[in-house]
Amino acid sequence: MERCIALVDCNNFFVSCERVFRPELEGRPVVVLSSNDGCVISRSNEAKALGIGMGVPWFKVRSAPKNREVVVFSSNFPLYSDLSNRVKRLLSTFSPVHEEYSIDESFLDMSGQTDVARQALAIRETVWREVGIPVCVGIGPSKTLAKLANFVAKKHPASGGVFTCNALDTVRKRKLLSGIPACEVWGIGRRLSRTLAGMGIGNAAQLHDADIRMMRARFGVTMERLILELRGVSCLDITQVRPPRQQILSSRSFGVRITRLDDLENAMAFHAAHVGKQLRQEKLVAGMVQVFLETDPYRLDKPQYHPSCCLPFAEPTDSTAEISRYAMAGLHRIYRNGYEYRKGGIWVGELSAADSVVPDLFAAAGEKRKRLDEIMDTVNARFGDGTLRLSQDDMLNRRWMPKKERVSPRYTTSWHELPVCGEPAK
């Protein structure tokens, strides 16, 4: 039986999420900006047609006359994450074997199903009807070919948003691969594509035909698997169980340049709470914490300083209070007056399962911290993040918070921001 793998990819995902609750934006150029309203991270097709590039700083292109009608949103990750989860719950009904590859992409194993193309159309229709997000589906005998099929489904409207490589004969498959640049092959980045171009490999067909032994000798086993995948040999399994995390990071670019220590303490307390909550949700504990600060490397007229400090915990922990205590100690070690800091954060590493760690039987404070975290998590889950927080995490004085001047409501995750239909009853 031939393997049949589908890649379902949400089109212009962050923009599509904004359009779910603003249907009047359909057909208009829309972009979503990164943290601190910096760079473009999602574009509608209309914005792409204006020549707005992915990752371009918005301030560099916003004043162009052609871009004056562009609708701009700050990133709203609570909304995007919730809609992503809704899409993936629907996808799980089409195949018991599926992998959440990213926030807007999933692989589904559809081997053995009858009329897979019809199933793919049903996926598109169901996700659009139930969530309001447009998706494209690429189908192939390997993950790499499914990725390329999805690329074709997006680029060619005649495909109807669905394209399958499985039904192609040798001649049609070769014609397809010849029209796809090597840089569009999964795993081939810009630097590698330039190297391949120097070897006369400029498209997917030429990579498909490359001497596999020579390519492995030069680029390693990953390249060998990639070429085999292009030839229809499935080398990459669908991973249903995510590999264990190695670290958890929480950081922000500051909305204004920060010079005062108390503002940085406020920021680190916020990050400690975020990391602690994530550790407890995933039933992990951390063995160390690193604190870091950055000045603006683009301001060459200002003194530069990019410190970090790594501290091991006395014993592995998921306690917000303990993470914050060590983070503050690290911050005080690296802070220097006279610098304008533009970013900071913490990350924890040496992660392990919480139930694999034997606690100190003589440390009564550990049980108190655990109880405190349980109470904080319960209250914040019911009444909203930040209802209970550390004293240094002062919500009223978060001068460091990133700019979000154009953020939309959290339509699906906040009671206070639910969309309202029609006039209120009198």
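We're numbering straight along the sequence, starting at 1.
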Does Leu236 reach the side chain of Glu229, with side-chain heavy atoms less than 4.5 Å apart? yes

Are any of the side-chain heavy atoms of Asp9 and Val135 separated by less than 4.5 Å? no

Hey, mind stepping through Arg43 and Val32 against side chain to side chain contact (heavy atoms under 4.5 Å, CB included) and telling me if it holds? CA-CA 7 Å; Arg43 307 160 292 162; Val32 174; over 6 Å; no

Start with the C-alpha gap between Ile123 and Val8, add the side-chain angles, then the distance that decides, and say whether side chain to side chain contact (heavy atoms under 4.5 Å, CB included) holds. CA-CA 9 Å; Ile123 288 173; Val8 183; 4.2 Å; yes

Of all the heavy-atom pairs spanning Asp109 and Cys4, show the shortest one and how long it is. OD1-O, 3.5 Å

Are Leu79 and Thr412 packed together at the side-chain level, in the sense that at least one heavy-atom pair is separated by less than 4.5 angstrom? yes

Ion pair Glu69/Arg28, N-O distance below 4.0 Å: no

Closest contact, heavy atoms only, Asn12 versus Lys48: OD1-NZ, 2.8 Å

Any heavy-atom pair between the side chains of Val221 and Glu224 that's under 4.5 Å? yes

Please test Ile188 against Leu196 for side chain to side chain contact (heavy atoms under 4.5 Å, CB included), starting from the C-alpha separation and ending with a verdict. CA-CA 9 Å; Ile188 303 294; Leu196 293 175; 4.0 Å; yes

Strictly distance-based, threshold 3.5 Å: is any side-chain N or O of Glu340 a donor or acceptor partner for the main-chain N or O of Val256? no

Residues which pass side chain to side chain contact (heavy atoms under 4.5 Å, CB included) with Ser352, listed by chain and number, not counting sequence neighbours: Val285, Ser356, Val357

Salt bridge present between Lys143 and Glu105 (N-O < 4.0 angstrom): no

Above 12 or not: heavy atoms from other molecules or residues under 6.0 Å from NZ of Lys60? no

Assess whether a salt bridge exists between Glu184 and Lys155, defined as any Lys/Arg side-chain N lying under 4.0 Å from an Asp/Glu carboxylate O. no

Check: Leu148 and Leu230 side chains under 4.5 Å, non-hydrogen atoms: yes

Could you check whether any side-chain N or O of Asn76 sits under 3.5 Å from a backbone N or O of Val407, counting only pairs where one atom can act as donor and the other as acceptor? no

Take Arg280 and Asp373 through the salt bridge (charged side-chain N to carboxylate O under 4.0 Å, His left out) test and state the conclusion after the steps. CA-CA 9 Å; Arg280 293 189 294 275; Asp373 287 324; 3.6 Å; yes

Working note: Asn203 + His208, criterion side chain to side chain contact (heavy atoms under 4.5 Å, CB included); need CA distance, chi angles, decisive distance, verdict. CA-CA 9 Å; Asn203 60 52; His208 172 283; over 6 Å; no

Does some side-chain heavy atom of Val185 sit less than 4.5 Å from a side-chain heavy atom of Leu226? yes

Would you kindly say whether Ser74 and Asp37 are connected by a side-chain donor-acceptor distance under 3.5 Å? yes

Lys277 NZ: over 12 foreign heavy atoms closer than 6.0 Å: no

Counting N and O atoms only, with roles assigned by atom type, does the side chain of Ser95 sit under 3.5 Å from a partner on the main chain of His98, one being a donor and the other an acceptor? no

Residues in ring pair (Phe, Tyr, Trp, His ring centres under 6.0 Å) with Tyr411, at least two apart? Phe21

Residues, nucleotides or ligands: over 12 heavy atoms within 6.0 Å of Arg118 CZ: no

Could you walk me through whether Phe77 and Phe14 pass the ring pair (Phe, Tyr, Trp, His ring centres under 6.0 Å) test, one step at a time? CA-CA 9 Å; Phe77 291 113; Phe14 297 163; 5.7 Å; yes

Under the ring pair (Phe, Tyr, Trp, His ring centres under 6.0 Å) test, which residues partner Trp186, sequence neighbours left out? Tyr101, Phe107

Over all atoms of both residues, closest heavy-atom pair of Ala6 and Ile139: CB-CG1, 4.1 Å

Less than 4.5 Å apart, side chain to side chain, heavy atoms only: is that true for Val31 and Trp58? yes

Let me see the working for Tyr80 and Glu18 under side-chain hydrogen bond (donor to acceptor under 3.5 Å, both in side chains), right down to the final yes or no. CA-CA 9 Å; Tyr80 308 154; Glu18 299 292 350; 2.6 Å; yes

Considering non-hydrogen atoms only, spot the tightest contact between Asn11 and Lys154 and give its length. OD1-CE, 3.4 Å

Count the heavy atoms of every other residue, nucleotide or ligand shown that sit under 6.0 Å from CD of Glu24, and state whether that count exceeds 12. yes

Steps toward salt bridge (charged side-chain N to carboxylate O under 4.0 Å, His left out) verdict (Lys283, Asp355): CA-CA 8 Å; Lys283 294 180 173 52; Asp355 58 9; over 6 Å; no

Compare every heavy atom of Val87 with every heavy atom of Val127, then report the nearest pair and how far apart it is. CG1-CG2, 4.0 Å

Decide yes or no for Asn266 and Leu264: does some side-chain heavy atom of the first lie under 4.5 Å from some side-chain heavy atom of the second? no

Would you please test Tyr341 and Phe254 for ring pair (Phe, Tyr, Trp, His ring centres under 6.0 Å) and show each step? CA-CA 8 Å; Tyr341 299 101; Phe254 301 143; 7.9 Å; no

